[in-house]
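First the structure, in the form of structure tokens, and then the observations on it.
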Amino acid sequence: MAPLAPRTGDAVFANVERVNAELFTLTYGAIVRQLLTDLEEVEEVNKQLDQMGYNIGIRLIDEFLAKSNVSRCVDFKETADVIAKVGLKMFLGVTASVTNWDVDGTSCSLVLEDNPLVDFVELPDTCQGLYYCNILSGVIRGALEMVSMKTEVTWVRDMLRGDDAYELRLKLLKQVPEEYPYKDDE
Amino acid sequence: MQFFGGSDISPSPPVATGSGSNGHMMYVFNRNGICLLYREWNRPLRTLSSQQDHKLMFGLLFSLKSFTAKMDPTSVDKGNLGVPQLPGQGCSFHSFRTNTFKLSFMESPSGIKIILVTNPKTGDLRESLKYIYNLYVEYVVKNPLYSPGTPIKCELFNTSLDQYVKNLA
Amino acid sequence: MIVCIAVVGHQNNPLYLQSFTEADDALKLHHIVHCSLDVIDERVNNPKKTGPTLNETFLGLLYPTENYKVYGYLTNTKVKFILVTTDLDVRDADVRNFFRRFHSAYVDAVSNPFHVPGKKITSRTFAERVSTIVKSFGLSTAV
Amino acid sequence: MVGREVSESCVDSMIIEMVSSYCDRFCSAKPELAARRIEAIGYQVGLQLSERYTMERPRFSDHLEAIKFICKDFWSELFKKQIDNLKTNHRGTFVLQDNRFRWLTRMSIDPSETNANTSDDPSVATTESKSAQSASMHLYFPCGIIRGALTNLGIPCAVSADMSNLPACSFVVRIKA
Amino acid sequence: MEDYPEELRTPPVTLVSIVGFPELHSTISTYLHSEQPPINTLALPDFSKISVMARNPKDKTLDSSSAQPGGILKKDWLLKHRTRSPAVIAALILLNGYRVVARGRNAKTVVVVVQSTENDEVSEDRIIALRKRAEVDSKYLLNFVSDASQLKESLNRLGSTFAELANTYYREEGKRIKARIEKKNTNSLELIIRYCFKVAVYAEFRRDWVEALKFYEEAYHTLREMIGVSIRLPPIQRLIEIKTVAEQLCFKVSTLLLHGGKVIEAMTWFRKHIVCYKKLVGAPDVVFLHWEWVSRQFLVFAELLETSSVTVPNTSSQLSVMLEKGLTEWEFNPAHYYQLAAHYLREKRLCLEVVLSVSEASPSSAADGIESGSVSVIPSVFIGQFSQLFEQEDAFRTQPLTDAEYILYAIAEGKRFQDSFEIIALFKKSFEMYNNLKAQRMASYCGHLMAIEYFTIGDFSNAKQLFDGVANLYRKEGWVALLWEVLGYLRECSRRLSSVKDFVEYSLQMAALPISSSSGSQPSDYKRKYGPSGPASLSQRQSIHNEVFELLRGEYTLSSNEGSSDLKVEADRPVHLEIDPISPLRVVLLASVAFHEQVVKPGASSSLTLSLLSQLPQPVEINHLEIQFNQPESNFIITSPQRSLLDVRSGDQQDLRVETAPFLTLHTNKWLRLTYDMKSDQSGKLECLSVIAKLGPYFTIICRAESPASMDALPLWKFEDHVETLPTKDPGLAFSGQKIIQIEEQDPQIDLVLGVTGPALVGESFLVPVTVTSKGHNVCFGELKINLVDARGGGLVSPRESEPFSNDSHHVQLLNVLGPDGEYESQSGPDNIRSIQHSFGLVSVPLLNFGESWSCKLEIKWQKPKPVMLYVSLGYLPSSNEAKEQKVHVHKSLQIEGKTALAISHHFMFPFRRDPLLLRIVKPIPGSDPTTSLAFKETSILVVNARNCTEVPLRLMSISVEVDGDDTGRSCRVQQGGGSLPSQPLLVPGEEFKQVFSIIPEVYLQSVGVGTVCLRWRRESGLEEQTSSSIIAAGAVTRHKLPDVNVEMVPLVVSLECPPYTILGEPFTCYVKIQNKTKLLQEIKYSLADSQSFVLSGSHNDTIFVMPKSEHILGFKLVPLASGSQQLPRVTVTSVRYSAGFQPSLAAATVFIFPSKPHFEMEDKVTENKASLLMNEQIS
């Protein structure tokens, strides 16, 4: 019997348990603010947000795979697409467009017009240099790493900093094959 | 019982046909070959230490996968034998049967490997493995107290797993 | 015309105060708003005197100064909105409608994670939103 | 953005991660400090949520009304269900019980540890208490939310929670006179 | 309102005039005045004076003709009608002395015939004749009897008639005028107004308020029409007149409304009044008059409200009306109107100032004329008009003013008044009213305006005081913009008052205010919109900051505009500021101090983090800091390397430790964090008290140190949105950091041993040996504290329980402290302070050097068996110089059980084979234990047993029965059976000891105290060695109170006599002896049962008589048939009189029978036997 075809983002989102976004948005906002108070340095906050995102990513990947019936993530191009169309949709209810690939197809941009993280948010002047949505890049990085793609994810555009959209740059560093963990001489 | 927050994503547990309790044991490995879970329901004869046991099982799968990939008549690029591959890369087997037992195997792209050893007569268990994978997501990954990559110690998971495997075709 | 709109915290501290007059009687407006707090206290403390129904957020006309009318609104979270207008005949419906829209603007403003509860609202978006609401005051009949 | 939704697991995993980073990374040494921060985060959320959810409704005339609001509308906004049982001693203490608290439904304590309670090996006992502690860490956030909401409604209070029988959870609200 | 004429302020009162008979006038007028409604009287001695009555012929012409009237209302009209034109004229005449009655126009006439007494007859025809002449209706011809009997009723008659007539008079007058209005025979508005006014007044005379109101209002409206149309007067004065009249009418209307209880109507009316006149400003030169007028309107209305004490409506109906009228609570409150009055008066003042400034610029001739007073302006006959009065030749002549002249006049008038005081007064009034209403913000607003007024008239101390009050409120509620303004004034005031310190403080506060230039970006127009320091802005803050710091550096002198003293800060005039947590200067400098540990060992070091924060807009350079602690020797100084220590090392602080910091510059809202090591050898708490910052040569700030833990949000800033930072990097410290650290006392090097054995026994004085041994420390000024506490909680004292054996009620008592060798501590050395209470003791320990030890014994006595905690603590100095060292303490505690040593019990018996007949006269009360009865004057036996219930052997020293203190003398004789204790017996644990006493009751009483068993004992062994001490030797006493017994007379005593043993087959005799102790003949029946073991002779049963006071003996001879101990045949003796039977007990009736004659010495055996037998026998 053939494995089920991967589902469309809408189908998945329609079927997962959803909650109203306010709780999500406000909680994230509160976390960021608390981090700013505790860590004082904006750079440090960016780092920690990314780290948190990473940890979330390595958890979420399995749920994603389980519910989207995606059976293989070998090709980077495909994978990027799946993230943009299915992954983001399934969790945040928004989709991104995948654009400007580089020639050797190892880096591309995810462009979001809007995302629930930033509702109500307005960066104070004291927090310039903060990548508010940095958790998102972390999540993607973590998730990709779980499907053995070491990537580098960075923000190119950020509406909170006055840009016209949110643009994430994905760069595939290498694909790590799984190797045999045990010493043979055991 | 409400497993998946009412979502119909996961296959509804395949109907248990025939008498239950023909599951022998089950392994869950993560991508680093760490045995997250070993569960046994019926294994009259145990010869090896559990580490040895786990190691052998992982080794078996590992090489079996590269074999099958190597043997694959359809795909062009054949890494030489034993060369590690990406999870989900190339073709993969999903079960084999001996005269005494059947081993069913599934691997998620994230490298989670679920091995279910049952008696030789059991039918195709791919859906069941998928279902178990979903159980894993719901009760292990989403358990606030579980930190990824560590051995699984979740009541909820174990109970629902046993429950499910008990009446498995 | 609305000459001033203010948000006052539950410790009677100003959270936001914007005047829309060319004449720089900003201070005067500050005083008017500040004084109107007494009326609100009065209204809330002995509700029998309040005109509008008990515990309604809209407090109605607080008091007329010689050339202004001052209206009040008290949220469930003890935050006060105070509206100062020069129009002498104002339709209650308009004021209510104004406050409703203003309230939702306020709520979004305080939902900004960088807004520290109980502190001044410095959001630009809020300011813009408020000015549009103010401009449209009285134009549309109450929704 | 009215009626906007995200998948539940977004919220769940974010809260899980938030708790664990505070417990294990930022304040690993001092759990009480971690607790304080987590509670603070919840507090702000509660503050803002109460601001949103009390729009368009007349002011509460007394404490009980406000608490009821928390139990009914507020709770169902967050968890799609109401508090199952509200008790009070009429002297400023309220107990809100949720028989199936959404954020605990998937929490399961390590079975080996739970049965280790019976064994009198101290080391096991300590690990058990450790896991119990880390479990309780997850309750500071909802406690903070409740406290934030009530405080914002003009009811300064202290909130604690008990989850002795999962997935039920009861929150104890003590109003500061 | 006071400056309105009286006639306007009060409702008019009917006026009548009486002529003739002056002697009666006072009586009549007082009577009339006391009538309800009252009537005023205009009394004329005779008709010659009648001219005083108002009657100006011009009236007629003026009123009727439609010729242009000179004004609207005549000033004196109202007065006239109240004082000079009566409604009724009454002529008092004697019948004979009759003259013609002059009649006032329209006034009603009454002729009153006065009679001295009623009985002098008035003939009918004369009356008629009189009436004819006087042309008065008969019913207006009254006669008035002046003598007392009739006076009253005559007066009544008079009164009623007058009232009635007056009423008709005013009605007619009213009608007359009304007619004119209706006739519309004039188109002159003035007249219409005047008529309406008059009608209204007449109505008022009649107390017809409704009509009055109606016509006043009509007048008012008509007046309104006049504006613009009338051209009678030059425009300015025209307006003035109209306003003046309007004011009067409005006053009348609102008064009537308010007194009629129509509050809301009054409000709305007044509001309309203001609205329609407010715009009529008039010519620019006299605008001030307008504002003055407006102000007066408010003032008057305020006063009206206040006097007619209105309340805010609270019925729903009124409320709804109020709402749709758009009224609010505050408009029911005079304060509101006073405030407005003040406000407009201010307006007036300002306009006037402008005008004056102009007129001063161009002094005109006419002005001089007017000011020089050659021409004088006087109010004209018409209300609100003025005309000037010329003096020509000898005649005065008035002529109307030109507007120009009028203006000059008005200005001149305006100048004469100092409005500010009025303004202040008004604001004060509303200020106080608002305060009473708890409307603090409105009040403080008034206060604020008041202060500004003071400021403008240069009363700075008053201004400052008020401003300070206001500032507090704004500060509390964080109204920065307002606070800025007020501080601006305060700063100016203190400059003018030449107080540098205040000036500095206010300046610093302003500089530190949370104002970013974005806010308060106002056009820089200073005109009275902002305080003296202009609009709030960042740049302003900075300039103020710079200014004040220049001043503080002494580079700049402050010119207090009095020019008197220039203010300079210099060496002999330095500035010290103190900042505590509640000071508003806290935003200028905040010092948070946190130790990194809570507790530290003496001498060990702990880090201390000092964090400074300032909100001043510019960086602040600190020369050096001095940190002060409660332990002065810990104080230290922080300098930055840039600074030389020279200025630091000032005077006394030579020895202070000096630290350096990389830099000591405070930047706006950035924490300056410094961390240093601290150590102290002094145990106890080490607290950082304050941080002294020296900025510049002459300026220091003493800043109270605050713990981060207890540091709440900063004042003012707490309402501002800015990212908050923590005083310390480490968040933990930031939340829990304390400025106090606890320094432990060094650990003792002393052994304190409580050597004690076993549980204590109740009654004994138990000794607890305490040993202090020095292991390293010397013990100086050592002191031993001893404390006894009930182990089960609850005190050792229980006054409730009666304690039979202890004179005081302590269960456990610390009796004494004995020296090591058991003699009293007190003897050892005079220097030895020592106090012992029941549960507390204090003993001083002699100086011990290393290795030495000292010990004592605590003597504790238990009165009750209960466990006790014994706490012993030793406090000492490790070395002899008290100065530095601190006491070190060692604590020991121990629980000691208290046990009862001996359990004592007892019982009574009768002698063997001797049985007195006890009749038990007293029946024991049911429930109470039956008291034992003893036979009077008969021997009974008391057996006492004592059981050792301890774990240690006890030596019994003595046992005795003692008389209780309370009962007097011996009630019964007690002898110790078997003499006193052979040798003090030793009781091993659990062993019992018996002692026998014989008791012979010697009084015949219901209940007789037998006494108390006293057992003297002591521990054997164990504590042997310590018994050297005297008290111990005495041993402990355990007491056992014997219950009272009931002594009875005994009528009969039956005793059985027979040998203790006999030999088989050998006959023997036994006797039953019956003693009759009474004076009566006693009939006794007796019977003797058979027995197998004996053959007996003698009668089996019989009745005998026993003589009084004598005895009868029955004898039986018996031959034993069986050996062993055998029962004698049963004898039963029955006393008929007492119907009491008697049988010897089995034991008593047993005899031992030897099979054959045994061989041993018999005599003493028998006694032996008796003694032992005595023991086991009970009273039956």
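We name chains A, B, ... by the order of the sequence lines, and we start the count at 1 in each one.
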- Task: Please report the closest heavy-atom contact between Asp62(A) and Ser108(B), naming both atoms and the distance.
- Result: OD1-OG, 3.9 Å
- Message: Can you give me the closest heavy-atom contact between Ala66(A) and Asn134(B), atom names plus distance?
- Response: CB-OD1, 3.4 Å
- Partners passing side-chain hydrogen bond (donor to acceptor under 3.5 Å, both in side chains) against Asp10(A) (at least two apart in sequence or in another chain): none
- Does Glu145(A) pair with Arg31(B) as a salt bridge, N-O distance under 4.0 Å? no
- Rounded to the nearest 0.5 Å, what separation is found between the CG atom of Asn143(B) and the CZ atom of Arg59(A)? 7.5 Å
- Could you state the interatomic distance from CD1 (Ile58(A)) to OG (Ser147(B)), rounded to the nearest 0.5 Å? 9.5 Å
- Message: Suppose we screen for ring-ring contact (aromatic ring centres under 6.0 Å, His included). Which residues come up paired with Tyr133(B), at least two apart in sequence or across chains?
- Response: none
- Return yes when atom NZ of Lys150(A) has more than 12 non-hydrogen atoms of other residues, nucleotides or ligands closer than 6.0 Å, and no otherwise. no
